[in-house]
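Since the structure is predicted, the reported quantities are computational estimates derived from the model, not experimental observations. Residue numbers begin at 1 in each chain, while the letters A, B, ... track the order of the sequences. Values reported hereafter were calculated over all heavy atoms of this structure, with side chains retained and with hydrogens, waters and symmetry mates removed.
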Number of protein chains: 2
Amino acid sequence: MTAISVLLVDDHTVVRSGLKALLGTQADIAVVGEASSGEEALEAAQVHSPAVVLMDLAMGDGMDGIEAIKQLRQRNPKQAVIVFTTYDSDADIVRAVDAGAMGYLLKDAAPEEIFAAVRGAVQGKSVMSAPVASRLFQQLRNPDEILTPREAELLSLLTQGLSNRDLGKRLFISEATVKTHLAHIYAKLGVETRAAAIATAIRREGMR
Amino acid sequence: MTAISVLLVDDHTVVRSGLKALLGTQADIAVVGEASSGEEALEAAQVHSPAVVLMDLAMGDGMDGIEAIKQLRQRNPKQAVIVFTTYDSDADIVRAVDAGAMGYLLKDAAPEEIFAAVRGAVQGKSVMSAPVASRLFQQLRNPDEILTPREAELLSLLTQGLSNRDLGKRLFISEATVKTHLAHIYAKLGVETRAAAIATAIRREGMR
DNA sequence: TGGTCTCTCCACCTTTTGGCTGATATGGCC
DNA sequence: GGCCATATCAGCCAAAAGGTGGAGAGACCA
């Protein structure tokens, strides 16, 4: 049996090193490459053709994790991408799943959880950390509060402090559309102002 | 020469594993113990008497990093504590230094930086990541950016998502005064809108 | 005593945001 | 084909926020 080939993508050397050490203890898993940015990840995926990509969502400058997932999935749909990140932000989860992620692990996951996720991913199984799963579950019960991918994207930018005009420019849509999305977001979050939305989003969603 | 004994404190198994792997490559550094919480850290420090403690500030439930640093320093002032965390929040830096931390590293630090910090710490040298240092330096040079008590109070309420009217009611001042304070706050934070001020405040000051 | 800081307040004006009622296009689903 | 969710856009109006340029009172300090 061939070992499952894994590509690690994280801008923290320490985390890559830790994953390599942990995964190295498993005979059926082999780390074949590392990358510290979205761009590097795409290159490394070309070179190594890993079966599984373990990727952090937050990566300093340049391409973010979501975009990297999209492009990876586009180039090679057979490759399974597992998100491995610090926060269980609602928005990130939705966007990551939308982009094609097979699993969603938090960095405080136990080693066994990580192994299980990697093994599951190659079999098409979706594995996620308990807090992430319960969050999704809770959302399923309150469908009215689920943000669409686009809304989540907008909310994420909103928490950067952008104005409606800037949001429009950034997303290539008109200011009118921005306002429409915002109105929907406010309703779903149960707030009335942009300030409250930002406060709620950052505290509740773990956005930073 | 005896190797420098190090205790790792982080609630993420992956990070501990990574640090152990990286530090293990250095002949003069030896990891003598691990802990995943503040409480465990105190126990482990008693047992192993490490020369250096590498500690994350954010640790799930229970005692937080700052409190753990204080107690460690109190019990054994010779022990050097280096903060190893993800965020360079102004508030955290000040509090950590205040609690007696010898160094402040970010998790995206290069391995060499980590080694240097550990070696420096036992010699009484204080080492911090470049972004952290520049932040502290900037604050020292620009006392103009320090908020007055009243402004800080207002900013704190602002991050709750209140409107100007609500802020006025809450603080028993007119809306005009609220606007004056806000203008000053924006200038000091270097932002132009309330949205950006909220985002900056929550992220930078650790207000949550 | 004079200067500086802080906190308070006002008026006027522009820009931004939010609330409302629409509309069109697309794609998935039954 | 019809239904629904999503994403896009418009116009109008009221409310909120922001910019400018003041000003007075009290505290503190040199």
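Side-chain atoms of A/Asp11 and A/Ser36 form no donor-acceptor pair, as typed in the model, at a separation below 3.5 Å.
Put simply, NZ on B/Lys169 is 10 Å from P on D/dA16, counting in whole angstrom units. In this structure, CD of A/Glu151 is placed 11 Å from C1' of D/dA5, rounded to the nearest angstrom. In this structure, A/Leu147 atom CG and D/dA7 atom C1' are separated by 15 Å, rounded to whole Å. Spacing between atom CD of B/Glu192 and atom P of D/dT20 amounts to 10 Å, rounded to whole angstrom units.
You can see that DNA chain C meets the heavy atoms of chain A within a 4.0 Å-exclusive cut from C/dT16 to C/dG19, reading 5' to 3'.
Between the CD atom in B/Gln160 and the OG1 atom in A/Thr200 there is a gap of 10.0 Å [rounded to 0.5 Å].
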Please list, for nucleotides 9-12 of chain D, all pairs of protein and nucleotide N/O atoms separated by less than 3.5 Å.
unit_1	atom_1	unit_2	atom_2	d
D/dC9	OP2	A/Ser174	N	2.5
D/dC9	OP2	A/Thr177	OG1	2.9
D/dC9	O5'	A/Ser174	OG	3.4
D/dC9	O5'	A/Thr177	OG1	3.4
D/dC9	N4	A/Thr180	OG1	2.9

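Environment of CD in A/Glu192: sparse, with no more than 12 heavy atoms of neighbouring residues, nucleotides or ligands closer than 6.0 Å. In this structure, B/Arg165 places its CZ atom where only 12 or fewer heavy-atom neighbours from other residues, nucleotides or ligands lie under 6.0 Å away. Atom CZ of A/Arg75 sits in a crowded spot, with more than 12 heavy atoms from other residues, nucleotides or ligands closer than 6.0 Å. Heavy-atom contacts from other residues, nucleotides or ligands closer than 6.0 Å to CD of B/Gln74 number 12 or fewer.
When atom types are taken as modelled, the side chain of B/Thr180 and the backbone of B/Ala176 share a donor-acceptor pair closer than 3.5 angstrom.
If B/Thr148 and B/Thr193 are placed on DNA chain C by their nearest nucleotide, the residue sitting closer to the 5' end is B/Thr148.
Residues A/Ile69 and A/Val83 are in side-chain contact: their nearest non-hydrogen atoms beyond the backbone lie under 4.5 Å apart.
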